[in-house]
Amino acid sequence: MLDEVESWLRRRSWSADDRPMARLLAAKRAAGTRGSVSVVLPALNEEETVGAIVSVIRGELMTPDVPLVDELVVLDSGSTDRTGDVAAAAGAKVVHRDALLPRIPAVPGKGEVLWRSLLATSGEIVCFIDADLRDFRSRFVSGIVGPLLTDPGVRLVKAMYDRPLGDSPAGGGRVTELVARPLLNLHWPRLAGFVQPLGGEYAARRSLLERLRFPVGYGVELALLVDALDLVGLDALAQVDVGVRRHRNQDGQALGRMAAAIYRTAQLRLTGAPLTRAELTQFDRVPEGGFAPRTRPVDTLERPPMAGVPEYAAARDAA
């Protein structure tokens, strides 16, 4: 590991317990509008978990005594279940992906929803939380928002945590270990200190997010981290230990598609070269015997920095 990264790990890695709530609230009051916090839950068919997450945030971080979060938005990515109804009943503002920036037709993908969420929120600090988390605790939010409230030099904070898988207390994060970590260590070694580079729980200043490109699919987390490093430098990035993350684990083929999108995101930043073929072929066993190929497209589209979108600029000017 680079000496610079070892130093960064000592200075920019914390526990959520390092910043008590009283300190966060005092910093938020002192910051005024610069300390406004929006929490975004990107959601696609998460009716089983989204309500509990919303309830915890509203009940623990949006009360008269603890007004840490100013805005809680569930960004529905085209759910076919009751995700929107459940989230609204729990107290979230629910916004559908297609209602934002209708001039540009929406495409499926997590990154697409995160990009559009900048139009649906107003906080100067934006915190993203995946909507499939189980046993959710409010420290996922307060922990990663904390450094942004208390240290003006910090621009983006990733959560770090254990990821159980089956009987293994830390067997999750398979794409991280097999794809993202090797890519970062080999090509962006200054980012080798991040424990969960692909984690969906992170917070950043709006002034940074609106300057970044967003891949529409699963490459978004890698892209934001790599591009933020280029824009603001390593010392503006940080990570906070929030404990244990439990969520719905995906099957091997889904992870393969995720890995392909992440590899493409990295390739674009390394060489800018076009793909020979933006597709991934996988195989399913069929009842009559043998295996049948199934080919799916790999996400290659990236959205431009939101700061350059006229509708966004107009909305910010009017605010």
Problem set entry | Pairing residues for Trp8 by the ring pair (Phe, Tyr, Trp, His ring centres under 6.0 Å) criterion, not counting sequence neighbours |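 Testing Trp8 for ring pair (Phe, Tyr, Trp, His ring centres under 6.0 Å), a comparison that skips the adjacent residues, returns Phe194.
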Name the atoms and distances for all side-chain donor-acceptor pairs under 3.5 Å in residues 87-101, with sequence neighbours left out.
unit_1: His96; atom_1: ND1; unit_2: Asp98; atom_2: N; d: 3.0
unit_1: Arg97; atom_1: NH1; unit_2: Ser77; atom_2: O; d: 3.1

Taking only residues at least two apart or on different chains, which pairs with a member in [range] satisfy salt bridge (Lys or Arg N to Asp or Glu O under 4.0 Å)?
| range | answer |
| --- | --- |
| residues 68-84 | Lys28-Asp70 |
| residues 280-290 | Asp284-Arg294 |
| residues 102-120 | Arg103-Glu311, Lys110-Asp130, Lys110-Glu221, Glu112-Arg116, Glu112-Arg303 |
| residues 15-24 | Asp17-Arg139 |

Exercise. With Glu47, which residues qualify under salt bridge (Lys or Arg N to Asp or Glu O under 4.0 Å), at least two apart?
Worked result: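 Here no residue qualifies.
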For this session: Mind checking salt bridge (Lys or Arg N to Asp or Glu O under 4.0 Å) for Arg11 and listing every partner two or more places apart, or none if nothing turns up?
Result: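 If we apply the salt bridge (Lys or Arg N to Asp or Glu O under 4.0 Å) test to Arg11, skipping adjacent residues, the hits are Asp235.
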Problem set entry | Residues that Ser138 engages under side chain to side chain donor-acceptor pair (under 3.5 Å), provided they are two or more places apart |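 Ser138: side chain to side chain donor-acceptor pair (under 3.5 Å) contacts with Glu60.
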Exercise. Can you name the side chain to side chain donor-acceptor pair (under 3.5 Å) partners of Arg190, sequence neighbours left out?
Worked result: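 Listed in chain order: Glu4.
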Exercise. Which residues pass the side chain to side chain contact (heavy atoms under 4.5 Å, CB included) test with Arg206, sequence neighbours left out?
Worked result: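 Checked Arg206 against side chain to side chain contact (heavy atoms under 4.5 Å, CB included); matches are Leu118, Thr121, Glu124, Val126, Glu210, Tyr312, Arg316.
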Sequence neighbours left out, cut at 3.5 Å: what donor-acceptor pairs do the side chains of residues 223-231 make with other protein atoms?
unit_1: Asp227; atom_1: OD1; unit_2: Arg269; atom_2: NE; d: 3.0
unit_1: Asp227; atom_1: OD2; unit_2: Arg269; atom_2: NE; d: 3.3
unit_1: Asp227; atom_1: OD2; unit_2: Arg269; atom_2: NH2; d: 3.0

